[in-house]
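Because only heavy atoms are used, hydrogens play no part in the values below, and waters and symmetry mates are left out as well, while side chains stay in. Ligands are counted one by one from 1 in listed order, and the atoms in each one are counted from 1 as well.
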Amino acid sequence: MLLERFLEARASAAVQAALELAEPTSALLRPTQDPRFGDFQLNAAMALGKQLGRPPRELAEKIAEKLRGEEFVASAEVAGPGFVNLTLDDAFLAKLVTDGLGDAEHLGVTPVDAPEKVIIDYSGPNIAKQMHVGHLRSTILGDAIARALEFRGHQVIRDNHLGDWGTQYGLLIVGMREFGDAKALEADPIVELERVYKLASERAKNDEDFAEAARRELKKLQDGDPENRALWKRFVDVTRRTIDEIYAELGVRFDLYLGESAYHDALAGVVRTLEERGIAREDEGAKAVFWGEVEGEVPAKLRKQKEPFLVQKRDGAYLYSTTDIATVLYRRDELGVDRALYVVDHRQALHFEQVFAVARLLGVTMELVHVGFGTVLGADGKPLKTRDASGAALTLAVLLRQAKERAAERIREGMAEGRLKVEEHEIPSLAKAVGIGAVKYADLMNNRTTDYRFDLDRMVSFTGNAGPYLQYVHARSASIFRKAGIDEASAVGPIRVTAPEEAKLVRRLVRFGDAVEKVATLYLPHILCEHLYDLASEFNAFYQACKVLDAEDEATKQSRLALVAATARQMRVGLGLLGIEAPERM
Ligand code: ARG
């Protein structure tokens with residue numbers, strides 16, 4: 001269950017009954033900051049005191065009295081000017097965890113009543129260019145959000161909106177004919193494409209004939225000339241090969257690869273419609289939306305904006321903006337989605353505000369969300385370059401390889417110190433799980449709206465808040481069953497709380513659903529990371545304080561084995577939702 005939702009509903013009913021209110025009202029339930037004040041705090045009496053003109057403490061006492069009769073409440077105490085501090089009942093919580101063990105797939109977290117069709121637009125690298133860390137962050141975040149939504153029961157469509165169309169292809173086509181090296185294109189496609197593009201754009205600056213040829217080839221490409229189409233297709237294919245290797249490494253997949261080129265044929269129609277509806281107009285040959293003039297609902301911030309939103313250039317070329325407007329319409333009309341998420345760098349915030357505003361003017365009602373994120377920084381605190389000072393590419397493939405190497409070093413260290421029990425032949429696959437998991441966790445553990453520093457050494461740490469530490473705690477909990485020769489699935493409890501560490505552990509375990517729900521509604525995977533990190537700490541404290549296999553009696557042993565099983569499973573499923581592997585042994 002979603003504990004917070006359950007408690008809020010029950011507490012609200014208690015508030016209404018205790019105060020004999022005609023209308024239901026929120027209990028204003030919040031988790032307490034300090035466990036000495038119980039598990040949750042209700043703030044409703046404070047707000048209602050003002051409204052009803054009665055002393056909040058008097059109302060709080062009535063609410064507390066009502067709550068004391070509920071089966072999930074251990075105690076309800078009035079504190080301060082009128083808070084109600086709620087401590088949950090251990091047996092109630094223990095039963096929730098025990099019940100969750102019977103639900104291998106959802107761990108007791110019931111899926112949403114009304115599933116939606118949600119499209120997630122993430123990764124979106126550009127053809128003929130190196131995929132950069134911003135794309136990596138989008139890929140990791142988008143994948144985690146997709147998994148959380150699926151876990152909650154939504155139907156998810158993963159779409160990779162590749163940057164595979166635009167004016168650069170004219171230059172690439174003439175450049176390839178002039179400077180291209182077919183062998184290099186095969187061996188190291190992106191390096192070759194970037195080299196050719198650089199040469200061609202330099203040449204075009206000083207050579208008007210060359211520039212003109214590039215424009216001609218672009219026009220031919222856009223008009224469907226077979227030869228140019230074939231060349232363009234080849235650029236796309238070779239780039240796809242490189243990026244697909246990275247996706248395979250990351251364990252990320254897509255349902256659709258509808259890049260910008262997929263919308264090419266719709267763009268003229270989009271601009272025509274915008275003009276017909278009075279949303280865009282001509283200005284010196286170009287077509288744009290002038291936010292100050294358009295009629296209809298426009299966000300106040302855009303209303304004031306002087307800069308128009310360009311949808312067609314003077315030379316007739318369409319833009320990134322035009323494509324994104326066409327994309328929204330396609331997703332509504334052809335895919336029938338209820339919600340579209342765009343996991344893209346926050347520097348594109350204004351772009352999406354404008355695309356969404358145009359969509360609204362066109363009558364689009366589906367939910368549109370720009371899930372923005374901050375910059376990945378290098379050790380120097382500046383945006384991490386996928387290119388070092390000498391210009392040599394520090395590509396994502398290299399970055400991921402380094403993460404795996406670093407992980408392998410740490411694993412060998414752990415083996416030498418006797419902390420890790422790993423066989424030599426297991427190192428490569430374990431180093432992959434640990435290294436890639438570390439990069440993902442380091443990204444996801446930070447609130448996406450902030451920048452973070454890419455620090456490989458800290459990422460691959462087996463202690464502290466890092467991916468390998470969580471994988472280690474998972475493997476340790478799973479190994480308890482293996483060592484004892486017990487099947488994890490046979491640990492079904494019932495769980496009984498006898499020690500304070502058990503009380504803390506069940507309190508954490510029951511919050512899993514809340515954490516996943518927040519990832520699926522707020523698109524903040526760090527909330528699940530925090531949950532799993534706390535779970536790991538509380539599991540360690542429990543395991544240190546409480547004997548499991550040689551517990552005082554059989555009932556206690558069964559209860560504790562069930563707690564271990566619940567932890568192992570939640571850690572495994574939780575890491576899985578972050579796209580991180582959870583090896584059974586290490
Ligand atoms: N290719 C774009 C870039 O590299 C990202 C695409 C994001 N998706 C979208 N529908 N605009 O910045």
Q. Any salt bridge between Arg331 and Asp121, counting N to O under 4.0 Å?
A. yes
Q) Of the backbone atoms (N, CA, C, O) and the side-chain heavy atoms from C-beta on, which set of Asp345 has a member under 4.0 Å from an atom of ligand 1: side chain, backbone, both, or neither? A) neither
Q | Backbone of Val376 reached by a side-chain donor or acceptor of Asp451 within 3.5 Å | A | no
**Q.** Side chain, backbone, both or neither: the part of Phe352 lying under 4.0 Å from ligand 1 by heavy atom
**A.** side chain
Q. What atoms of ligand 1 come closer than 4.0 angstrom to any heavy atom of Tyr320?
A. 2 (C), 5 (C), 6 (C), 7 (C), 9 (C), 11 (N)
Q) Under the 6.0 Å and 45° cation-pi test, does Arg240 pair with Tyr257? A) yes
Q: Answer yes when Asp143 and Arg253 have at least one side-chain N-carboxylate O distance shorter than 4.0 Å, and no when they do not.
A: no
Q | Under 4.0 Å to a heavy atom of Asp324 - the qualifying atoms of ligand 1, by number | A | 9 (C), 10 (N), 11 (N)
(Q) Counting non-hydrogen protein atoms only, what is the nearest one to atom 2 (C) of ligand 1? Give residue, atom name and distance. (A) Gly124 O, 3.5 Å
Q. Near His135, which atoms of ligand 1 are under 4.0 Å from a heavy atom of that residue?
A. 3 (C), 4 (O)
Q: Decide salt bridge (Lys or Arg N to Asp or Glu O under 4.0 Å) for Asp345 and Arg347; before the verdict, give the C-alpha distance in whole Å, the side-chain angles of both, and the deciding distance to 0.1 Å.
A: CA-CA 5 Å; Asp345 185 334; Arg347 282 173 302 188; 2.5 Å; yes
Q) What are the atoms of ligand 1, with element, lying closer than 4.0 Å to any heavy atom of Val344? A) 7 (C)
Q. Using 4.0 Å as the upper bound for N to carboxylate O, is an ion pair formed by Lys129 and Glu194?
A. no
Q. Less than 6.0 Å separating the ring centroids of Tyr263 and Tyr318?
A. no
Q. Just heavy atoms, cut-off under 4.0 Å: does Thr327 contact ligand 1 by side chain, backbone, both, or neither?
A. neither
Q. Would you say Gln348 touches ligand 1, if touching means a heavy atom closer than 4.0 Å?
A. yes
(Q) Is it the case that ligand 1 has an N or O less than 3.5 angstrom from some N or O of Asn126? (A) yes
**Q.** Pair Tyr342 and Phe356, ring centroids less than 6.0 Å apart
**A.** yes
**Q.** Element-labelled atoms of ligand 1 that are located less than 4.0 Å from some non-hydrogen atom of Asp121
**A.** 7 (C), 8 (N), 9 (C), 10 (N)
